[in-house]
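Working notes, beginning with the structure itself.
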2 protein chains.
Amino acid sequence: MVKYLKIYETIKQRILEMEYRLNEKLPDGASLGKEFDCSELTIKKALDILVADGLVVRKRGSGSFVKRPLNTTTSHLHGTKANAIKHGKEVTSNNLKFEIIPADERIAERLNCNRGDLIYHIIRVRIIDSLPTVIEDTYMPVNILNGLTIEHTQDSIYSFITNQLKLKIHSSTMEISIVKANEIESENLNVPLNDKLVAVEQIVYLDNGDIFEYSISKHTTDTYHFSTNFVRL
Amino acid sequence: MVKYLKIYETIKQRILEMEYRLNEKLPDGASLGKEFDCSELTIKKALDILVADGLVVRKRGSGSFVKRPLNTTTSHLHGTKANAIKHGKEVTSNNLKFEIIPADERIAERLNCNRGDLIYHIIRVRIIDSLPTVIEDTYMPVNILNGLTIEHTQDSIYSFITNQLKLKIHSSTMEISIVKANEIESENLNVPLNDKLVAVEQIVYLDNGDIFEYSISKHTTDTYHFSTNFVRL
DNA sequence: AAGTGGTCTAGACCACATT
DNA sequence: ATGTGGTCTAGACCACTTC
């Protein structure tokens, strides 16, 4: 690991373990540079990540201060399964569809590919702690996800992507709105027809700029919970 | 403005105006350094912001490439009014409550202040394009928002904070879930009792680490729409 | 082998806050 | 006046990609 990340981890640890306490002033750049045997700029890079995390505030002329403790945000840069496991829950999947189709106009636009390109189309009901909770409608380019099988979809597609294919997820866009359950959704999620569902539309980017997923998930309202934090750029 | 921000703006402009086109390779660091008469590190800082924006991907060994066009994300680091205006909508407010109260246990924890500290407590119904759309329950420390009047709450509190008090918003945390309308909400939002609403709980931080707002907003499901993008840190 | 980004240094200079 | 962070430079060295 590179130096500034090591320093970042070390200082983060100190904050989380209260070695540096809330509102306490951190040592200045020069002192930290001596401690970690590096230049002040390298210290700055480490502290800048802590600032983005919201754990530190730096004030020109007065110093760097410890701020709020880390809050546990569910990252939507992981899959449904990884998030559930992080919260100690069991996930199974019920595949409604696993097919390869040519991209139509709309899908091609979302996936930034050409019409006719081959696309995995997967519809799954995710069952969390024995409760049908989400129905996920997912589109992924075959040329990126080459080798994806129905077995992977039973488990975690994200783990296939990161562990097997060694691809790295960079970012995602997300839109949340409320929709009414149609017949299929009603049946599979065990809710009344026209009951309200939380619709989440996502486009997920790899760090090379490629899009590997476009999906629409519909969640039951009882179970849906989303939390995040923003930092102004 | 500092150099790297100027360079960032310039290059962003070139991408948005298609001078640098999608998937096109940008000039390398040394060339850009010559063009902008600066060091390569300064170029890197500018390009790094474009990477965070998702507009550029940098690949060690091969170069920097233009990626997807900017998408219009509604920032929740602005107020309800600013967001509505950006979408060309009219906002008015109907104040249900404007009081100053001492912080109880729960509020003190959320606002990271002491029990008994004075807090503005404001409840407003926001009417967007003649439709009652959100009921906002807001708590703000008096010592930070000193001078806030009921007139400001009729308009935009955010504009008071940024324009009058010259405070800068740094970040926010946000939680979304679905709840049932109680009597007050049902009446004011003109929906049936127990109808579902989108509850958004927010804590907003200033760049000095202080919290200036804790709020719970409840939106009608017909109108709620949230979009954002994440970047993995 | 050549091209290109990423990390790191030492030091200069500036902007802002505190005393 | 002093302390502290922010920007910027010039150059070294390394890691990865392409040819």
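Source: prediction; values computed, not measured. Letters A, B, ... are given to chains in the order of the sequence lines, protein chains preceding strands, and every chain is numbered from 1.
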Any luck finding a side-chain donor-acceptor pair between B/Thr149 and B/Glu151 under 3.5 Å?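 Yes, because at least one side-chain N or O of B/Thr149 sits under 3.5 Å from a partner of the opposite role on B/Glu151.
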Can a salt bridge be assigned to the pair B/Arg110 and B/Glu175 using a cut-off of 4.0 Å between side-chain N and carboxylate O? no
Residue A/Asn163 excluded, over 12 heavy atoms near CG under 6.0 Å: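 Atom CG in A/Asn163 is packed in, count exceeds 12.
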Geometric class of the A/Tyr158/A/Phe212 ring pair [parallel <30°, tilted 30-60°, perpendicular >60°]: perpendicular
Are any protein N/O atoms closer than 3.5 Å to N/O atoms in nucleotides 1-5 of chain D? If there are, list each pair with its distance.
residue: D/dG3; atom: N2; partner: A/Gly61; partner atom: O; Å: 2.8
residue: D/dT4; atom: O2; partner: A/Gly61; partner atom: N; Å: 3.1
residue: D/dG5; atom: OP1; partner: A/Ser64; partner atom: OG; Å: 3.2
residue: D/dG5; atom: OP2; partner: A/Gly29; partner atom: N; Å: 2.9

So where does chain A start and stop touching DNA chain C, 5' to 3', when the test is distance under 4.0 Å to a non-hydrogen atom? C/dT7 to C/dA17
Face-on cation placement of B/Lys59 at B/Phe65 ring, 6.0 Å and 45° thresholds: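 Because its charged atom sits under 6.0 Å from the ring centre and within 45° of the axis, B/Lys59 does stack over B/Phe65.
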A/Lys3 side chain to A/Phe36 main-chain N or O, any donor-acceptor pair under 3.5 Å?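 Answer holds: no.
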Do the side chain of A/Arg58 and the main chain of A/Leu47 share a donor and acceptor less than 3.5 angstrom apart?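 Side chain of A/Arg58 to backbone of A/Leu47, a donor-acceptor pair under 3.5 Å: no, none is there.
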Using the rule given for side chain to side chain contact (heavy atoms under 4.5 Å, CB included), can you reason through A/Leu167 versus A/Ile144, listing the C-alpha separation, both sets of side-chain angles and the distance that settles it, and then say yes or no? CA-CA 9 Å; A/Leu167 299 175; A/Ile144 295 177; 3.9 Å; yes
Looking across every strand, which nucleic acid part, if any, lies under 4.0 Å from B/Asp37 by heavy atom: base, sugar-phosphate, or nothing? sugar-phosphate
